[in-house]
Amino acid sequence: QHGPMRSFIVRVIVNGLALAIACWILTGLDISTAGSSTVSTILGYLFIGLIFGLVNAFIKPIVSLLSLPITILTLGLFTVVINAGMLYLTSWISSYTTVNFTIDSFFWTAVFAALIISAVSLVASFLPALDR
């Protein structure tokens, strides 16, 4: 059994990794930092992972509750749109920081990114090291 702080830190790391994979696969996603070193890049992904984690912890439950009828009507598919929206919100928040997470104007980029991030998070949840 581990505490909530360790769980949150693991979630931030998984989010950062998932965002890195999504940025690597999709040309329309980018995370840029003030520095160009590997360390600043890794910290940038972790920072955006932190913002994304906070957005998912505090904003997503409210949006999910309010959109429950639409989610039920679409048999859960609207959840992908909500996740894409959380990415756009993360991008907007990051525009006020020194680390910028940008998504191109193509809506499907955010949808595919949301699917990639969900898949990476799902795989990570099965890793025994993250379960201790």
Side-chain angles (χ1 to χ4, degrees):
Q1 192 71 353
H2 51 75
M5 189 62 185
R6 183 168 182 264
S7 295
F8 185 74
I9 291 169
V10 168
R11 173 66 33 213
V12 167
I13 292 168
V14 169
N15 282 345
L17 178 64
L19 285 160
I21 292 169
C23 287
W24 178 67
I25 293 172
L26 302 168
T27 56
L29 282 186
D30 185 50
I31 292 180
S32 58
T33 58
S36 59
S37 71
T38 304
V39 172
S40 66
T41 302
I42 291 170
L43 290 176
Y45 281 103
L46 290 175
F47 181 70
I48 298 301
L50 172 66
I51 294 173
F52 188 60
L54 292 172
V55 164
N56 279 332
F58 295 106
I59 308 295
K60 186 179 176 183
I62 297 166
V63 173
S64 295
L65 182 64
L66 294 175
S67 65
L68 192 58
I70 300 168
T71 303
I72 291 169
L73 285 173
T74 61
L75 303 175
L77 291 176
F78 194 71
T79 306
V80 175
V81 176
I82 293 170
N83 291 341
M86 297 305 106
L87 284 171
Y88 277 117
L89 182 57
T90 300
S91 175
W92 176 74
I93 292 169
S94 79
S95 70
Y96 293 97
T97 71
T98 57
V99 181
N100 289 318
F101 172 51
T102 53
I103 307 171
D104 66 14
S105 57
F106 190 52
F107 173 73
W108 289 105
T109 299
V111 169
F112 289 134
L115 289 170
I116 291 167
I117 290 166
S118 295
V120 171
S121 295
L122 181 67
V123 169
S125 71
F126 289 110
L127 296 176
L130 299 181
D131 197 30
R132 290 198 179 97

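Quantities reported herein were computed from a predicted structural model and do not represent experimental measurements.
- Checking each of Leu75, Thr74, Val80 against Phe78 for a side chain to side chain contact (heavy atoms under 4.5 Å, CB included) leaves exactly one that passes, namely Thr74.
- Other members of the cluster containing Ile62 are Leu66, with ILVMFWY side chains joined at under 4.5 Å, either directly or via other members.
- Rounding to the nearest 0.5 Å gives a distance of 11.0 Å between CG of Leu89 and CG of Leu54.
- Contacts of Ser105 classified as side chain to side chain contact (heavy atoms under 4.5 Å, CB included), with partners at least two apart in sequence or in another chain: none.
- With sequence neighbours excluded, the residues that form a side chain to side chain contact (heavy atoms under 4.5 Å, CB included) with Val99 are Ile31, Thr33, Phe47, Ile48, Thr97.
- A single hydrophobic cluster is not seen to contain both Leu65 and Val81; linkage of ILVMFWY side chains at heavy-atom distances under 4.5 Å, directly or through other members, places them apart.
- Thr79 contributes atom OG1, which lies 11.0 Å from atom CD1 of Ile70 (distance to the nearest 0.5 angstrom).
- Applying the side-chain hydrogen bond (donor to acceptor under 3.5 Å, both in side chains) rule to pairs touching residues 34-49 yields Ser37-Ser40, sequence neighbours excluded.
- Residues Met86 and Ile116 share a hydrophobic cluster, clusters being chains of Ile/Leu/Val/Met/Phe/Trp/Tyr side chains in contact below 4.5 Å.
- Residues Val14 and Ile21 do not share a hydrophobic cluster, clusters being chains of Ile/Leu/Val/Met/Phe/Trp/Tyr side chains in contact below 4.5 Å.
- Rounding to the nearest 0.5 Å gives a distance of 9.5 Å between CG of Leu46 and CG of Leu17.
- Counting only residues at least two apart or on different chains, the side-chain hydrogen bond (donor to acceptor under 3.5 Å, both in side chains) pairs with a member in residues 48-73 are Lys60-Asn83.
- Closest approach of Tyr88 to Phe106, counting heavy atoms only: OH-O, 3.9 Å.
- Annotation for Asn15 and Gly49: closest pair ND2-O, 3.3 Å, computed over non-hydrogen atoms.
- Residues passing the ring-ring contact (aromatic ring centres under 6.0 Å, His included) test with Tyr96, sequence neighbours excluded: Trp92.
- Of the inter-residue distances, the one linking Leu87 atom CG with Leu29 atom CG reads 7.5 Å to the nearest 0.5 angstrom.
- Counting Ile, Leu, Val, Met, Phe, Trp and Tyr side chains that sit under 4.5 Å apart, directly or through other members, Leu68 shares a hydrophobic cluster with Ile72.
- Not counting sequence neighbours, the partners of Asp104 by the side-chain hydrogen bond (donor to acceptor under 3.5 Å, both in side chains) test are Thr109.
- With hydrogens and angles ignored, the 3.5 Å screen pairs no side-chain donor or acceptor of Ser121 with any backbone N or O of Ser118.
- In this structure, Leu73 has no side chain to side chain contact (heavy atoms under 4.5 Å, CB included) partners at least two apart in sequence or on a different chain.
- In this structure, CD1 on Ile117 lies 4.0 Å from CG on Leu19, to the nearest 0.5 angstrom.
- Taking Val123 as the reference, nothing meets the side chain to side chain contact (heavy atoms under 4.5 Å, CB included) condition, with sequence neighbours excluded.
- Both Met5 and Ile13 belong to a single network of hydrophobic side chains, linked directly or stepwise wherever heavy atoms of I, L, V, M, F, W or Y lie under 4.5 Å apart.
- The shortest distance between side-chain heavy atoms of Ile51 and Phe101 does not fall below 4.5 Å.
- The distance from atom CG of Leu50 to atom CD1 of Ile9, rounded to the nearest 0.5 Å, is 10.0 Å.
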